[in-house]
Amino acid sequence: MGSGTGLLEGKVAVVTGGAQGIGFAIAKRYVEEGARVLLGDLDLAAAEAASKELGGEEVARAVRCDVSSYEDVEAMLDAAVDAFGSLDILVNNAGITRDATMRKMTEDQFDQVVSVHLKGAWNGTKLASLIMREQGSGVIINMSSISGKVGNVGQTNYSAAKAGIVGLTKAAAKELAHLGVRVNAVQPGLIRTPMTEAMPQHAWEQKMAEIPMGRAGEPDEIAKVCLFYASDLSSYMTGTVAEVTGGRHL
Ligand SMILES: NC(=O)c1ccc[n+]([C@@H]2O[C@H](COP(=O)([O-])OP(=O)(O)OC[C@H]3O[C@@H](n4cnc5c(N)ncnc54)[C@H](O)[C@@H]3O)[C@@H](O)[C@H]2O)c1
């Protein structure tokens, strides 16, 4: 058991995009709470380094996976079952940005973002639910964004994909509730990760000014909510969307 209180003792989790940022923070929390975790990431070397940092192959493993590929996601979930014996939790977290105003955005930038976020979350939700329905239990958490609620300039691709994830989450929640599988979504605001550190300073400052709590969030503040959704603490919640934004865009 890790240094937590064993909320996920005996559970097996898959976290996509788990090599860094929010996904890594989620995996770390899960391991601390007693789960064994498989990290699926496009960057295998980074995912392997991350799994080592989480305690090595007894508790954490890594596979290369492009979440926009149905076959890759299927192989990733099978790898978790092979390594650890079940699949109790899936966090569809992998993501990219290709920001540009619509005038400049290419069709390819639109397609890439929709396929990683929306198709990726659908691949995971569909394929994990096939395993979880056999078990009669499971939890799926889809990483949306507050950008999907309010729409951000320069993010017609990303806002559309993140709003689509909310619809996917609610529809899947209704289909899977009677099978013991819960599906919920998280909408982070501005969180300090490699993704947001790549933003120009003026964009960062503009966003900061909109946050009632007056600061950006840390990856672990998203991980704590994902722990709540993964654990029995949220046993009567499905199809919900948690805004974790320090009060921004209420
Ligand atoms: N950081 C924020 O402020 C913020 C806010 C709202 C939502 N989010 C969402 O949270 C999630 C994590 O964001 P982050 O800030 O930690 O990003 P990040 O860029 O730090 O990490 C993303 C990870 O996903 C992996 N990845 C990218 N494309 C992939 C693919 N096709 N298949 C598998 N793995 C892939 C990357 O290799 C990387 O390890 C994303 O879905 C993002 O949209 C982030």
Side-chain angles (χ1 to χ4, degrees), residues 13-19 21-27 30 37-42 47 63-78 80 87-98 109-133 138-149 151-152 155-177 179 181-188 191 193 195 222-223 225-226 229-230 234 237-244:
V14 170
V15 181
T16 70
I22 292 171
F24 179 71
I26 294 167
Y30 284 4
V37 176
L38 183 123
L39 309 175
D41 204 290
L42 207 49
V63 295
R64 189 198 172 276
C65 171
D66 176 351
V67 295
S68 63
S69 155
Y70 189 82
E71 290 73 27
D72 277 15
V73 173
E74 193 165 37
M76 170 185 69
L77 299 179
D78 287 348
L87 175 67
D88 305 297
I89 302 156
L90 169 66
V91 187
N92 289 308
N93 164 81
I96 56 169
T97 50
R98 296 287 182 270
Q109 287 174 321
F110 180 83
D111 288 345
Q112 276 179 35
V113 166
V114 169
S115 80
V116 173
H117 290 279
L118 187 52
K119 173 85 182 314
W122 185 84
N123 285 340
T125 303
K126 148 121 189 160
L127 287 162
S129 71
L130 295 180
I131 298 170
M132 291 172 175
R133 67 195 295 151
V139 174
I140 298 168
I141 301 165
N142 291 326
M143 199 58 67
S144 175
S145 165
I146 204 67
S147 177
K149 175 185 171 185
N152 278 344
Q155 293 196 319
T156 49
N157 50 3
Y158 185 84
S159 297
K162 291 305 202 184
I165 284 176
V166 172
L168 162 65
T169 299
K170 292 182 179 182
K174 288 180 183 173
E175 288 193 18
L176 299 171
L179 299 163
V181 179
R182 298 187 293 110
V183 192
N184 291 288
V186 178
Q187 291 189 323
I191 309 299
T193 69
M195 181 184 274
I222 303 303
V225 177
C226 292
Y229 271 145
S234 60
M237 295 176 77
T238 197
T240 70
V241 183
E243 293 181 20
V244 191

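- In this structure, CD1 in Ile96 is found 7.0 Å from OG in Ser115, a value given to the nearest 0.5 Å.
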Between Val67 and Val116, does a side chain to side chain contact (heavy atoms under 4.5 Å, CB included) hold up when you go through it step by step? CA-CA 6 Å; Val67 295; Val116 173; 4.0 Å; yes
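- For the side-chain hydrogen bond (donor to acceptor under 3.5 Å, both in side chains) test with Asn92, the passing option among Asn142, Thr16, Thr169 is Asn142; the others fail.
- Counting only N and O atoms by type, the side chains of Ser159 and Asn152 include no donor and acceptor under 3.5 Å apart.
- Residue Met132 holds its CE atom at 8.0 Å from CG of Leu77, rounded to the nearest 0.5 Å.
- Leu127 CG to Leu90 CG: the interatomic distance, rounded to the nearest 0.5 Å, is 9.5 Å.
- The nearest pair of heavy atoms linking Ile140 to Ala128 is CD1-CB, 4.2 Å.
- Among all heavy-atom pairs drawn from Asp41 and Gly18, the shortest one is OD2-N, 3.3 Å.
- Under the side-chain hydrogen bond (donor to acceptor under 3.5 Å, both in side chains) test applied with Lys162, the options Gln187, His117, Gln155 reduce to a single match, His117.
- Heavy-atom contacts from other residues, nucleotides or ligands closer than 6.0 Å to CZ of Arg64 number more than 12.
- Across Ala25 and Ala223, no two heavy atoms sit closer than the pair O-CB, 3.4 Å.
- Taken from CZ in Phe24 to CG in Leu39, the straight-line distance is 8.0 Å, to the nearest 0.5 Å.
- With a 6.0 Å radius and a threshold of 12 heavy atoms from other residues, nucleotides or ligands, Lys149 has its NZ atom above the threshold.
- Between Ile165 and Met143, every side-chain heavy-atom pair lies at or beyond the 4.5 Å cut-off.
- Remark: side-chain polar atoms of Asp88 are not paired, donor with acceptor, to backbone N or O of Gly138 under 3.5 angstrom.
- Remark: side-chain polar atoms of Asn93 are not paired, donor with acceptor, to backbone N or O of Val15 under 3.5 angstrom.
- Rounding to the nearest 0.5 Å gives a distance of 8.0 Å between OG of Ser68 and CG of Leu42.
- Residues Tyr229 and Val139 come closest through the heavy atom pair O-CG1, 3.3 Å.
- In terms of modelled atom types and a separation under 3.5 Å, the side chain of Ser234 and the main chain of Met237 share no donor-acceptor contact.
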Could you please spell out the steps behind the side chain to side chain contact (heavy atoms under 4.5 Å, CB included) verdict for Val241 and Lys170? CA-CA 9 Å; Val241 183; Lys170 292 182 179 182; 4.3 Å; yes
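- If you take CG on Asp78 and CD on Glu74, they are separated by 6.0 Å, rounding to the nearest 0.5 Å.
- In this structure, Ala80 and Val14 approach most closely via the heavy-atom pair CB-CG2, 3.4 Å.
- Here the closest heavy-atom approach between residue Val37 and residue Tyr30 is recorded as CG2-CB, 3.9 Å.
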